[in-house]
There are 2 protein chains.
Amino acid sequence: MKISEVAEKAGLTVKAVRYYENVGLIPKPARQQNGYRSYDDSVLPILNLIHRSRAAGFSVDECRELIELFNNPARHSADVHELICQKVEAIEKQQAQLEHIKEHLIALASRCENNEKSTCSILASLTK
Amino acid sequence: MKISEVAEKAGLTVKAVRYYENVGLIPKPARQQNGYRSYDDSVLPILNLIHRSRAAGFSVDECRELIELFNNPARHSADVHELICQKVEAIEKQQAQLEHIKEHLIALASRCENNEKSTCSILASLTK
DNA sequence: CTTAAACCTTACCCTTGCAGTAAGGTCAAG
DNA sequence: CTTGACCTTACTGCAAGGGTAAGGTTTAAG
(Lines give C-alpha, C1' and ligand atoms only; values in the text may rest on other atoms or scores of the structure.)
Protein backbone atom coordinates (compact mmCIF):
# COMPACT_ATOMS: atom_id res chain seq x y z
CA MET A 1 0.00 0.00 0.00
CA LYS A 2 1.19 3.49 -0.80
CA ILE A 3 0.82 6.30 1.66
CA SER A 4 -2.27 7.88 0.14
CA GLU A 5 -4.02 4.55 0.38
CA VAL A 6 -3.35 3.97 4.08
CA ALA A 7 -4.12 7.60 4.75
CA GLU A 8 -7.51 7.31 3.12
CA LYS A 9 -8.30 4.02 4.82
CA ALA A 10 -7.55 5.57 8.18
CA GLY A 11 -9.30 8.86 7.43
CA LEU A 12 -6.08 10.85 7.70
CA THR A 13 -4.14 13.10 5.36
CA VAL A 14 -0.89 12.02 3.78
CA LYS A 15 0.82 14.87 5.62
CA ALA A 16 -0.48 13.63 8.93
CA VAL A 17 0.70 10.09 8.32
CA ARG A 18 4.21 11.29 7.52
CA TYR A 19 4.07 13.52 10.59
CA TYR A 20 3.11 10.61 12.87
CA GLU A 21 6.03 8.70 11.43
CA ASN A 22 8.40 11.60 12.10
CA VAL A 23 7.35 11.88 15.73
CA GLY A 24 7.58 8.15 16.21
CA LEU A 25 3.91 7.20 16.59
CA ILE A 26 4.09 4.68 13.81
CA PRO A 27 7.08 2.58 12.75
CA LYS A 28 9.08 3.60 9.68
CA PRO A 29 7.61 1.62 6.79
CA ALA A 30 9.58 -0.31 4.18
CA ARG A 31 10.43 1.49 0.97
CA GLN A 32 9.86 0.44 -2.60
CA GLN A 33 12.72 0.61 -5.09
CA ASN A 34 11.66 4.10 -6.08
CA GLY A 35 11.75 5.33 -2.48
CA TYR A 36 8.00 5.33 -1.97
CA ARG A 37 6.78 4.24 1.47
CA SER A 38 5.27 0.76 1.39
CA TYR A 39 2.74 -0.12 4.07
CA ASP A 40 1.07 -3.33 5.04
CA ASP A 41 -2.23 -3.70 6.88
CA SER A 42 -0.61 -3.92 10.29
CA VAL A 43 -0.28 -0.15 10.47
CA LEU A 44 -4.02 0.41 10.07
CA PRO A 45 -5.08 -0.35 13.65
CA ILE A 46 -2.54 2.15 14.93
CA LEU A 47 -3.59 4.81 12.46
CA ASN A 48 -7.21 4.20 13.34
CA LEU A 49 -6.34 4.52 17.00
CA ILE A 50 -4.59 7.82 16.33
CA HIS A 51 -7.40 9.14 14.19
CA ARG A 52 -10.10 8.27 16.68
CA SER A 53 -8.27 9.39 19.79
CA ARG A 54 -7.19 12.68 18.18
CA ALA A 55 -10.83 13.25 17.30
CA ALA A 56 -11.71 12.46 20.89
CA GLY A 57 -9.45 15.25 22.10
CA PHE A 58 -6.29 13.32 22.92
CA SER A 59 -3.00 15.04 22.18
CA VAL A 60 -0.40 13.31 20.06
CA ASP A 61 1.54 12.53 23.24
CA GLU A 62 -1.54 10.98 24.80
CA CYS A 63 -2.00 8.94 21.65
CA ARG A 64 1.52 7.72 22.20
CA GLU A 65 0.48 6.33 25.59
CA LEU A 66 -2.52 4.62 24.08
CA ILE A 67 -0.37 3.12 21.36
CA GLU A 68 2.09 1.83 23.91
CA LEU A 69 -0.74 0.14 25.75
CA PHE A 70 -2.04 -1.23 22.49
CA ASN A 71 1.39 -2.64 21.66
CA ASN A 72 1.90 -4.05 25.13
CA PRO A 73 0.41 -7.54 25.47
CA ALA A 74 0.89 -7.35 29.23
CA ARG A 75 -1.32 -4.29 29.57
CA HIS A 76 -4.25 -4.16 31.96
CA SER A 77 -7.50 -2.96 30.56
CA ALA A 78 -7.83 -0.93 33.75
CA ASP A 79 -4.89 1.19 32.59
CA VAL A 80 -6.71 2.08 29.41
CA HIS A 81 -9.83 2.78 31.43
CA GLU A 82 -7.80 5.09 33.62
CA LEU A 83 -6.52 7.11 30.65
CA ILE A 84 -10.03 7.56 29.34
CA CYS A 85 -11.32 8.67 32.70
CA GLN A 86 -8.51 11.19 33.08
CA LYS A 87 -9.45 12.62 29.72
CA VAL A 88 -13.08 12.86 30.75
CA GLU A 89 -12.05 14.81 33.81
CA ALA A 90 -9.88 17.13 31.75
CA ILE A 91 -12.82 17.75 29.45
CA GLU A 92 -15.07 18.51 32.37
CA LYS A 93 -12.56 21.03 33.65
CA GLN A 94 -12.47 22.66 30.26
CA GLN A 95 -16.25 22.71 30.12
CA ALA A 96 -16.42 24.41 33.49
CA GLN A 97 -13.97 27.07 32.31
CA LEU A 98 -15.96 27.70 29.16
CA GLU A 99 -19.15 27.93 31.15
CA HIS A 100 -17.53 30.47 33.44
CA ILE A 101 -16.33 32.59 30.55
CA LYS A 102 -19.68 32.34 28.80
CA GLU A 103 -21.56 33.54 31.84
CA HIS A 104 -19.17 36.45 32.14
CA LEU A 105 -19.76 37.41 28.51
CA ILE A 106 -23.50 37.05 28.83
CA ALA A 107 -23.48 39.27 31.89
CA LEU A 108 -21.49 41.85 29.96
CA ALA A 109 -23.81 41.70 26.98
CA SER A 110 -26.91 42.03 29.11
CA ARG A 111 -25.69 45.32 30.51
CA CYS A 112 -24.98 46.64 27.03
CA GLU A 113 -26.93 49.53 25.62
CA ASN A 114 -26.97 47.73 22.25
CA ASN A 115 -27.86 50.75 20.16
CA GLU A 116 -26.34 53.14 17.61
CA LYS A 117 -24.65 55.33 20.21
CA SER A 118 -21.00 55.08 21.16
CA THR A 119 -21.52 54.81 24.91
CA CYS A 120 -20.65 51.24 25.74
CA SER A 121 -20.64 49.71 29.16
CA ILE A 122 -18.94 46.59 27.83
CA LEU A 123 -15.89 48.54 26.75
CA ALA A 124 -16.07 50.58 29.92
CA SER A 125 -16.03 47.44 31.98
CA LEU A 126 -13.25 45.77 30.02
CA THR A 127 -10.87 48.73 30.06
CA LYS A 128 -11.27 49.65 33.72
CA MET B 1 6.36 54.36 33.59
CA LYS B 2 8.70 51.56 32.62
CA ILE B 3 7.44 48.41 31.00
CA SER B 4 7.42 46.24 34.12
CA GLU B 5 5.24 48.81 35.82
CA VAL B 6 2.54 48.96 33.12
CA ALA B 7 2.71 45.21 32.80
CA GLU B 8 2.03 44.73 36.47
CA LYS B 9 -0.74 47.32 36.54
CA ALA B 10 -2.47 45.54 33.68
CA GLY B 11 -1.83 42.06 35.05
CA LEU B 12 0.35 41.11 32.09
CA THR B 13 3.93 39.96 31.66
CA VAL B 14 6.62 42.20 30.23
CA LYS B 15 7.00 39.73 27.41
CA ALA B 16 3.33 39.95 26.57
CA VAL B 17 3.35 43.75 26.50
CA ARG B 18 6.25 43.80 24.08
CA TYR B 19 4.49 41.17 22.01
CA TYR B 20 1.30 43.24 21.79
CA GLU B 21 3.43 46.17 20.65
CA ASN B 22 5.10 44.05 17.98
CA VAL B 23 1.80 42.86 16.55
CA GLY B 24 0.39 46.37 16.62
CA LEU B 25 -2.21 46.09 19.37
CA ILE B 26 -0.73 48.97 21.32
CA PRO B 27 1.09 52.03 19.93
CA LYS B 28 4.88 52.16 20.09
CA PRO B 29 5.71 54.03 23.26
CA ALA B 30 8.21 56.87 23.61
CA ARG B 31 11.73 55.92 24.62
CA GLN B 32 13.90 57.29 27.39
CA GLN B 33 17.46 58.42 26.59
CA ASN B 34 18.71 54.95 27.53
CA GLY B 35 16.33 53.28 25.10
CA TYR B 36 13.89 52.06 27.73
CA ARG B 37 10.21 52.16 26.76
CA SER B 38 8.37 55.00 28.50
CA TYR B 39 4.62 54.62 28.97
CA ASP B 40 1.95 56.99 30.17
CA ASP B 41 -1.38 56.05 31.67
CA SER B 42 -3.22 56.20 28.38
CA VAL B 43 -2.02 52.72 27.48
CA LEU B 44 -3.59 51.14 30.52
CA PRO B 45 -7.19 50.96 29.29
CA ILE B 46 -6.02 49.18 26.16
CA LEU B 47 -3.85 46.75 28.10
CA ASN B 48 -6.73 46.09 30.47
CA LEU B 49 -8.98 45.47 27.51
CA ILE B 50 -6.49 43.01 26.09
CA HIS B 51 -5.98 41.25 29.38
CA ARG B 52 -9.68 40.85 30.10
CA SER B 53 -10.72 39.87 26.62
CA ARG B 54 -7.88 37.35 26.29
CA ALA B 55 -9.04 35.86 29.59
CA ALA B 56 -12.54 35.76 28.15
CA GLY B 57 -11.37 33.63 25.28
CA PHE B 58 -10.85 36.26 22.58
CA SER B 59 -7.92 35.73 20.23
CA VAL B 60 -5.36 38.47 19.74
CA ASP B 61 -6.99 39.28 16.41
CA GLU B 62 -10.38 39.56 18.05
CA CYS B 63 -8.82 41.87 20.64
CA ARG B 64 -7.69 43.98 17.74
CA GLU B 65 -11.31 44.41 16.69
CA LEU B 66 -12.33 45.37 20.19
CA ILE B 67 -9.50 47.89 20.39
CA GLU B 68 -10.52 49.41 17.09
CA LEU B 69 -14.03 49.85 18.41
CA PHE B 70 -12.63 51.27 21.62
CA ASN B 71 -10.54 53.78 19.67
CA ASN B 72 -13.38 54.70 17.34
CA PRO B 73 -15.54 57.49 18.78
CA ALA B 74 -18.14 56.83 16.09
CA ARG B 75 -18.66 53.22 17.18
CA HIS B 76 -22.10 51.86 17.96
CA SER B 77 -22.44 49.97 21.18
CA ALA B 78 -24.47 47.45 19.19
CA ASP B 79 -21.30 46.53 17.30
CA VAL B 80 -19.56 45.65 20.54
CA HIS B 81 -22.62 43.73 21.63
CA GLU B 82 -22.49 41.82 18.37
CA LEU B 83 -18.87 40.78 18.89
CA ILE B 84 -19.66 39.51 22.37
CA CYS B 85 -22.65 37.55 21.14
CA GLN B 86 -20.63 35.97 18.36
CA LYS B 87 -18.09 34.87 20.94
CA VAL B 88 -20.82 33.39 23.09
CA GLU B 89 -22.06 31.41 20.12
CA ALA B 90 -18.56 30.17 19.37
CA ILE B 91 -18.21 29.06 22.98
CA GLU B 92 -21.50 27.24 22.82
CA LYS B 93 -20.37 25.44 19.71
CA GLN B 94 -17.19 24.41 21.49
CA GLN B 95 -19.19 23.26 24.50
CA ALA B 96 -21.40 21.12 22.33
CA GLN B 97 -18.33 19.52 20.75
CA LEU B 98 -16.80 18.80 24.13
CA GLU B 99 -20.04 17.31 25.34
CA HIS B 100 -20.17 15.08 22.30
CA ILE B 101 -16.61 13.88 22.84
CA LYS B 102 -17.20 13.36 26.54
CA GLU B 103 -20.22 11.20 25.95
CA HIS B 104 -18.28 9.15 23.47
CA LEU B 105 -15.50 8.60 25.99
CA ILE B 106 -17.91 7.74 28.77
CA ALA B 107 -19.61 5.23 26.53
CA LEU B 108 -16.23 3.68 25.76
CA ALA B 109 -15.25 3.55 29.41
CA SER B 110 -18.52 1.99 30.47
CA ARG B 111 -17.94 -0.94 28.14
CA CYS B 112 -14.43 -1.46 29.51
CA GLU B 113 -13.55 -4.59 31.42
CA ASN B 114 -11.50 -2.42 33.76
CA ASN B 115 -9.45 -5.23 35.25
CA GLU B 116 -5.91 -6.63 35.26
CA LYS B 117 -6.35 -8.53 32.00
CA SER B 118 -5.16 -7.33 28.64
CA THR B 119 -8.44 -7.76 26.79
CA CYS B 120 -9.66 -4.25 26.19
CA SER B 121 -12.81 -3.31 24.35
CA ILE B 122 -11.75 0.33 24.34
CA LEU B 123 -8.64 -0.41 22.31
CA ALA B 124 -10.61 -2.85 20.19
CA SER B 125 -13.12 -0.17 19.42
CA LEU B 126 -10.56 2.54 18.71
CA THR B 127 -8.39 0.48 16.39
CA LYS B 128 -11.19 -1.03 14.33
C1' DC C 1 6.40 8.08 -28.31
C1' DT C 2 5.28 11.81 -25.82
C1' DT C 3 3.02 14.44 -22.72
C1' DA C 4 0.07 15.65 -18.94
C1' DA C 5 -2.08 14.22 -14.74
C1' DA C 6 -1.50 12.24 -10.56
C1' DC C 7 1.27 10.32 -7.63
C1' DC C 8 5.58 10.25 -4.59
C1' DT C 9 9.98 12.40 -2.12
C1' DT C 10 12.49 15.87 1.16
C1' DA C 11 12.71 20.33 3.11
C1' DC C 12 11.49 24.62 4.55
C1' DC C 13 8.20 28.38 6.18
C1' DC C 14 3.55 29.52 8.41
C1' DT C 15 0.16 29.40 12.07
C1' DT C 16 -1.00 31.16 17.91
C1' DG C 17 0.67 33.60 21.83
C1' DC C 18 3.74 34.15 23.99
C1' DA C 19 8.04 31.85 27.24
C1' DG C 20 12.86 30.92 27.46
C1' DT C 21 17.37 32.09 26.59
C1' DA C 22 21.49 34.56 24.94
C1' DA C 23 24.22 38.50 24.94
C1' DG C 24 24.55 42.76 26.15
C1' DG C 25 23.51 47.78 28.18
C1' DT C 26 21.99 50.50 32.49
C1' DC C 27 21.13 51.87 37.01
C1' DA C 28 20.86 52.00 42.16
C1' DA C 29 22.63 50.14 46.48
C1' DG C 30 26.23 48.47 49.46
C1' DC D 1 33.57 48.16 42.48
C1' DT D 2 30.64 44.85 42.14
C1' DT D 3 26.26 42.70 42.55
C1' DG D 4 21.58 42.43 41.35
C1' DA D 5 17.64 44.08 39.20
C1' DC D 6 16.18 46.14 35.61
C1' DC D 7 16.11 47.07 30.40
C1' DT D 8 17.22 46.05 25.13
C1' DT D 9 17.08 43.06 20.63
C1' DA D 10 16.99 38.67 18.56
C1' DC D 11 16.63 33.88 18.14
C1' DT D 12 14.46 29.35 19.32
C1' DG D 13 10.63 26.48 20.72
C1' DC D 14 5.89 24.63 21.68
C1' DA D 15 1.28 21.67 18.78
C1' DA D 16 -0.04 19.56 14.92
C1' DG D 17 0.28 19.54 10.97
C1' DG D 18 -0.90 22.75 6.20
C1' DG D 19 1.14 24.99 2.25
C1' DT D 20 4.49 25.32 -1.06
C1' DA D 21 8.77 24.49 -3.64
C1' DA D 22 11.49 21.65 -6.43
C1' DG D 23 12.04 17.54 -8.07
C1' DG D 24 11.46 12.22 -9.31
C1' DT D 25 7.91 8.46 -10.95
C1' DT D 26 4.26 6.28 -12.92
C1' DT D 27 0.32 5.76 -15.59
C1' DA D 28 -3.26 6.83 -18.78
C1' DA D 29 -4.39 9.08 -22.96
C1' DG D 30 -3.52 10.95 -27.45
Side-chain angles (χ1 to χ4, degrees), chain A residues 1-40 43 46-67 87 90-91 94 97-98 101, chain B residues 1-40 43 46-67 87 90-91 94 97-98 101:
Chain A
M1 259 192 301
K2 283 192 269 188
I3 193 169
S4 62
E5 206 175 335
V6 270
E8 201 194 338
K9 283 193 183 177
L12 296 166
T13 66
V14 167
K15 266 291 199 194
V17 174
R18 278 195 285 247
Y19 174 74
Y20 297 142
E21 177 188 332
N22 280 336
V23 297
L25 284 198
I26 56 177
K28 287 185 188 294
R31 298 286 184 144
Q32 295 175 354
Q33 296 254 334
N34 53 19
Y36 290 12
R37 287 169 179 79
S38 177
Y39 296 91
D40 59 84
V43 78
I46 305 188
L47 288 179
N48 284 332
L49 177 60
I50 297 173
H51 175 61
R52 300 235 164 80
S53 27
R54 291 284 299 126
F58 285 82
S59 72
V60 166
D61 263 358
E62 289 166 332
C63 289
R64 199 187 309 276
E65 293 184 58
L66 283 170
I67 291 170
K87 196 68 196 174
I91 289 175
Q94 219 182 323
Q97 270 187 31
L98 283 179
I101 288 173
Chain B
M1 259 194 303
K2 283 192 268 190
I3 193 169
S4 62
E5 207 176 334
V6 270
E8 201 196 338
K9 283 192 184 178
L12 297 166
T13 66
V14 168
K15 269 291 198 194
V17 174
R18 277 196 284 249
Y19 174 74
Y20 297 142
E21 178 188 332
N22 281 336
V23 298
L25 284 198
I26 56 176
K28 288 185 187 294
R31 298 287 183 142
Q32 295 174 355
Q33 296 255 330
N34 53 20
Y36 290 11
R37 286 170 180 79
S38 178
Y39 295 92
D40 59 83
V43 78
I46 303 188
L47 288 178
N48 284 331
L49 176 60
I50 298 173
H51 175 60
R52 300 234 166 81
S53 27
R54 291 286 298 128
F58 286 82
S59 72
V60 167
D61 262 357
E62 289 167 333
C63 289
R64 200 189 308 276
E65 294 184 56
L66 283 170
I67 291 170
K87 196 69 197 176
I91 289 176
Q94 218 182 325
Q97 271 189 29
L98 283 179
I101 289 173

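In this text the structure is predicted, and so the values were computed from the model without any measurement. First the proteins, then the strands, lettered A, B, ... as listed; each starts at 1.
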Does a side-chain N or O from R37(A) land closer than 4.0 Å to OP1 or OP2 of dT9(C), or not? yes
Assess whether one donor atom and one acceptor atom, taken from the side chain of Y19(A) and the base of dG18(D), lie less than 3.5 Å apart. no
Quick one: the side chain of Y20(B) and the base of dG17(C), do they pair up donor-acceptor inside 3.5 Å? no
In whole Å, I'd like the distance from the CG atom of N22(A) to the P atom of dA15(D). 14 Å
Just by distance, do the side chain of R54(B) and the backbone of C63(B) share a donor-acceptor pair under 3.5 Å? no
Is R54(A) close enough to dA16(D) that one of its side-chain N or O atoms is under 4.0 Å from OP1 or OP2 there? yes
Quick one: M1(A) CE to dC7(C) C1', roughly how many Å, whole number? 16 Å
Sidechain-backbone polar pair: K2(A) side chain, Y36(A) backbone, donor-acceptor under 3.5 Å: no
Taking atom P of dT26(C) as reference, at what distance in whole Å does atom CD of Q32(B) sit? 13 Å
Nearest-angstrom distance from the residue atom CD of E62(B) to P of dT16(C): 11 Å
For R18(A), is there any backbone N or O sitting under 3.5 Å from a side-chain donor or acceptor partner on E21(A)? no
So R18(B), base contact, sugar-phosphate only, or nothing? Heavy-atom distance under 4.0 Å. base
How close or far is atom P of dC18(C) from atom CD1 of I26(B), stated in whole angstroms? 12 Å
Whole-Å gap separating C1' (dG17(C)) and CZ (F58(B)): 17 Å
Does dC7(D) have its OP1 or OP2 closer than 4.0 Å to a side-chain nitrogen or oxygen of S4(B)? yes
Whole-Å distance separating the CD atom of E21(A) from the P atom of dC8(C): 14 Å
Without decimals, in angstroms, what is the distance between Y36(B) OH and dC6(D) P? 11 Å
Does the side chain of V17(A) come within less than 4.5 Å of Y39(A)'s, by heavy atoms? yes
Closest to the 5' end of DNA chain D, once A16(A) and N34(A) are matched to their nearest nucleotides, is A16(A)
Quick note, T13(B) side chain, CB onward, closest among dA19(C), dT9(C), dA16(D) is dA19(C)
Side chain of K15(B), base of dT21(C): donor and acceptor closer than 3.5 Å? yes
Counting only N and O atoms by type, is there a donor-acceptor contact under 3.5 Å from the side chain of S53(A) to the main-chain atoms of A56(A)? no
